[in-house]
Amino acid sequence: MRQITVVAPQGHPSNYADRACADVDPELFFPDDAPAARRAQRVCAHCPVLAECASWAKRAGITEGVVASVWMPAATARKSSREAARQRLDHVARTGEPSQWVSVNPGEAVWRDPAFQHEVFGLRAEVGLTWERIAARLQVSPDTARRAYAICTGAGAGGSDGLVA
């Protein structure tokens with residue numbers, strides 16, 4: 001029987017021995033829901049090769065799962081969600097900083113992230129979800145979702161949009 005050796009391409013994150021995910025089950029990075037995605041994102045949050053991983057993911061065209069702290073939506077997701085994730089991945093590749101959606105510190109001001117604001121806007125204005133459903137989907141408080149929406153729309157702190165709660 002012949003043995004096959006698989007070698008990761010140059011720049012592939014598995015080539016970095018000091019990566020945070022070295023001893024983590026790869027299945028963690030293909031979550032079924034937001035809480036599972038947050039667990040994967042927390043693994044990436046303090047990774048020393050975060051920027052390299054994000055750059056590789058961009059070159060490789062990764063479209064699903066959590067990579068470099070960014071939860072990439074499925075190909076069937078809304079185009080605006082996929083674009084917002086690509087913008088977050090670009091930011092991580094440029095700065096080496098984890099996606100702001102990662103709850104590294106409790107109370108982190110995620111509502112200030114433009115990509116997060118865009119996602120909230122899409123869920124509220126385009127899909128018509130309630131603040132509570134948006135909060136549950138994005139794993140934030142309804143008030144955080146309202147703040148992001150208010151900034152995105154220029155509606156002020158109240159975020160009044162004429163939609164039902």
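All of these numbers come straight from a predicted model, not from anything done at the bench.
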What heavy-atom pair brings A93 and A51 nearest, and what distance separates the two atoms?
-> O-CB, 3.7 Å
Shortest non-hydrogen contact from A20 to C47?
-> N-SG, 3.3 Å
Working to the nearest 0.5 angstrom, can you tell me the gap between [X] [atom1] and [Y] [atom2]?
X    : Y    : atom1 : atom2 : result
K58  : L89  : NZ    : CG    : 7.0 Å
Q41  : S69  : CD    : OG    : 6.5 Å
L123 : T130 : CG    : OG1   : 10.5 Å
S141 : E132 : OG    : CD    : 10.5 Å
E64  : T76  : CD    : OG1   : 7.0 Å
L28  : C44  : CG    : SG    : 8.5 Å

Is there a side-chain contact between I134 and P142, using heavy atoms and a 4.5 Å cut-off?
->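 Not in contact.
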More than 12 non-hydrogen atoms from neighbouring residues, nucleotides or ligands closer than 6.0 Å to CG on D32, yes or no?
->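 For D32, atom CG is not crowded (no more than 12 foreign heavy atoms under 6.0 Å).
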Do other residues, nucleotides or ligands put more than 12 heavy atoms under 6.0 Å from the CZ atom of R82?
->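 Yes.
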When clusters are formed by joining ILVMFWY residues with side-chain heavy atoms under 4.5 Å apart, either directly or through shared neighbours, do [X] and [Y] land in the same one?
X    : Y    : answer
V120 : L129 : yes
V92  : V67  : yes
I62  : L50  : yes
V127 : Y149 : yes
W71  : V24  : yes

Under the ring-ring contact (aromatic ring centres under 6.0 Å, His included) rule, collect the residues that match up with F29, sequence neighbours excluded.
->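 Once residues adjacent in sequence are excluded, F29 has no partner under the ring-ring contact (aromatic ring centres under 6.0 Å, His included) criterion.
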Non-neighbouring partners of R86 that pass side-chain hydrogen bond (donor to acceptor under 3.5 Å, both in side chains), sequence neighbours left out =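 If we apply the side-chain hydrogen bond (donor to acceptor under 3.5 Å, both in side chains) test to R86, skipping adjacent residues, the hits are E83.
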Would you call D143 and R147 a salt bridge, using N to O less than 4.0 angstrom?
->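 Salt bridge between D143 and R147, a charged N being under 4.0 Å from a carboxylate O: yes.
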Tell me, please, which residues at least two apart from E126 pass side-chain contact (heavy atoms from CB on, under 4.5 Å).
->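 In terms of side-chain contact (heavy atoms from CB on, under 4.5 Å), with neighbours along the sequence ignored, E126 is linked to R78, S80, F121.
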Could you give me the CA-CA distance, side-chain angles and deciding distance for R39 and V43, then say whether side chain to side chain contact (heavy atoms under 4.5 Å, CB included) is met?
-> CA-CA 7 Å; R39 287 190 293 277; V43 170; over 6 Å; no
Tested for side chain to side chain contact (heavy atoms under 4.5 Å, CB included) against V70, the lone hit among Q87, R88, H91 is R88
